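These figures come from a predicted structure and were not determined experimentally. All heavy atoms count here, side chains included; hydrogens, waters and symmetry mates do not.
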Amino acid sequence: QSEWSIWSRDVERHVVPACAELGVGFVPYSPLGRGFLTGDARAVNPGSGDFRTTLPRWQGDARAANLQLVDTIKEIAARHDATAAQVALAWLLAQGEDVVPIPGTRRRKYLAENLGAATVRLTADDLAALGALSPLGERYPDMSWVNRDSA
């Protein structure tokens with residue numbers, strides 16, 4: 001279980017291929033980029049107390065660039081009569097039968113929306129366009145201090 005989404009792709013280098021080689025399923029958490037990929041990030045204002053606004057991808061120029069990335073996801077969603085969240089989840093589901101994303105949700109309506117991703121059939125062009133998206137900014141703030149020697 002690792003973070004994997006359209007904008008968190010580092011597991012594709014080693015972890016996903018190793019799972020495939022070993023026949024092990026992969027359970028990606030945060031498949032909606034902590035809610036950013038749903039398009040609802042526009043409603044989360046810096047200074048609102050929401051911890052996500054402390055993440056580099058949610059700040060300043062990175063935020064603006066990443067909102068454009070979400071606009072691309074929404075364009076693809078509109079072609080499929082789907083939501084941005086459904087497209088982001090459908091992209092992960094298209095990565096293999098052994099991939100089972102676990103989107104966090106607190107509301108029943110979002111659970112139903114997320115389940116709808118299983119019926120979204122992305123085209124090869126859609127998958128290529130989504131696969132080419134690249135977020136701006138680091139996923140997390142610099143936390144190098146966590147592993148610092150105290151001596």
Side-chain angles (χ1 to χ4, degrees), residues 1-16 19 24-146:
Q1 185 183 66
S2 295
E3 187 171 356
W4 189 17
S5 69
I6 290 171
W7 76 345
S8 294
R9 311 275 302 276
D10 55 324
V11 295
E12 293 174 9
R13 276 183 251 128
H14 302 291
V15 179
V16 172
C19 286
V24 176
F26 191 89
V27 182
Y29 70 83
S30 200
L32 300 175
R34 305 214 179 277
F36 201 101
L37 300 177
T38 67
D40 293 338
R42 284 182 171 86
V44 179
N45 297 314
S48 66
D50 188 317
F51 89 94
R52 296 174 297 177
T53 63
T54 67
L55 302 175
R57 290 185 179 171
W58 289 68
Q59 298 176 354
D61 292 341
R63 177 185 172 93
N66 291 328
L67 286 171
Q68 290 177 354
L69 176 144
V70 172
D71 288 342
T72 299
I73 296 169
K74 285 182 166 186
E75 289 169 13
I76 292 170
R79 290 196 299 267
H80 291 277
D81 195 27
T83 66
Q86 289 172 329
V87 167
L89 291 169
W91 177 84
L92 265 175
L93 291 170
Q95 303 308 307
E97 290 183 20
D98 56 347
V99 177
V100 182
I102 51 172
T105 186
R106 294 184 183 145
R107 293 182 178 79
R108 187 172 291 191
K109 73 176 187 172
Y110 295 131
L111 174 62
E113 177 183 351
N114 293 343
L115 288 171
T119 64
V120 176
R121 299 290 175 248
L122 299 172
T123 67
D125 288 343
D126 295 333
L127 292 169
L130 293 167
L133 296 176
S134 182
L136 187 61
E138 297 297 320
R139 284 189 317 186
Y140 301 107
D142 178 19
M143 296 182 58
S144 58
W145 58 271
V146 171

Task: Residue pair Leu133 / Trp7, side-chain heavy-atom distance below 4.5 Å - done: no
Open item on the list: To check you understand the geometry: which heavy-atom pair defines the closest contact between Glu3 and Ser8, and what is its length?
Closed with: OE2-OG, 3.3 Å
TODO: Drop me the distance from Gln1's CD to Ser30's OG, to the nearest 0.5 angstrom.
DONE: 11.0 Å
Task: Test side-chain contact (heavy atoms from CB on, under 4.5 Å) applied to Ala62 - qualifying residues, sequence neighbours left out - done: Asn66, Leu136
Below 3.5 Å, can you tabulate the donor-acceptor pairs from side chains in residues 99-113 to any protein atom, sequence neighbours excluded?
| from | atom 1 | to | atom 2 | distance (Å) |
| --- | --- | --- | --- | --- |
| Thr105 | OG1 | Arg107 | N | 3.4 |
| Thr105 | OG1 | Arg107 | O | 3.2 |
| Glu113 | OE2 | Thr83 | OG1 | 2.6 |

TODO: Could you tell me whether Asp126 and Arg121 have a side-chain N and a carboxylate O separated by less than 4.0 Å?
DONE: no
TODO: Taking all heavy atoms of Leu130 and all of Ile6, pick out the closest pair and write down the distance.
DONE: O-CG2, 3.7 Å
TODO: Return the set of residues passing salt bridge (Lys or Arg N to Asp or Glu O under 4.0 Å) with Glu138 (not counting sequence neighbours), or none when no residue passes.
DONE: none
TODO: Using atom types as modelled and distance alone, determine if a side-chain donor or acceptor of Gln59 lies under 3.5 Å from a backbone N or O of Thr53.
DONE: yes
TODO: Take Leu32 and Ser5 through the side chain to side chain contact (heavy atoms under 4.5 Å, CB included) test and state the conclusion after the steps.
DONE: CA-CA 6 Å; Leu32 300 175; Ser5 69; over 6 Å; no
Task: Contact summary for Arg34 and Trp58, nearest pair of heavy atoms - done: O-CZ2, 3.4 Å
Open item on the list: Could you tell me if Trp4 and Gln95 have a donor-acceptor pair between their side chains, going purely by distance under 3.5 Å?
Closed with: no
Open item on the list: Quick check: do Phe26 and Ser2 have side-chain heavy atoms less than 4.5 Å from each other?
Closed with: yes
Open item on the list: What's the separation between atom OG1 in Thr72 and atom CD in Gln68, rounded to the nearest 0.5 Å?
Closed with: 8.0 Å
- [ ] Work out which heavy atom in Ile76 is nearest to a heavy atom in His80; give both atom names and the distance.
- [x] O-CD2, 3.1 Å
Task: Heavy-atom pair with the smallest gap, counting every atom of Thr38 and Lys74 - done: O-CE, 4.4 Å
Task: Contact summary for Ile73 and Ala84, nearest pair of heavy atoms - done: CG2-O, 3.7 Å
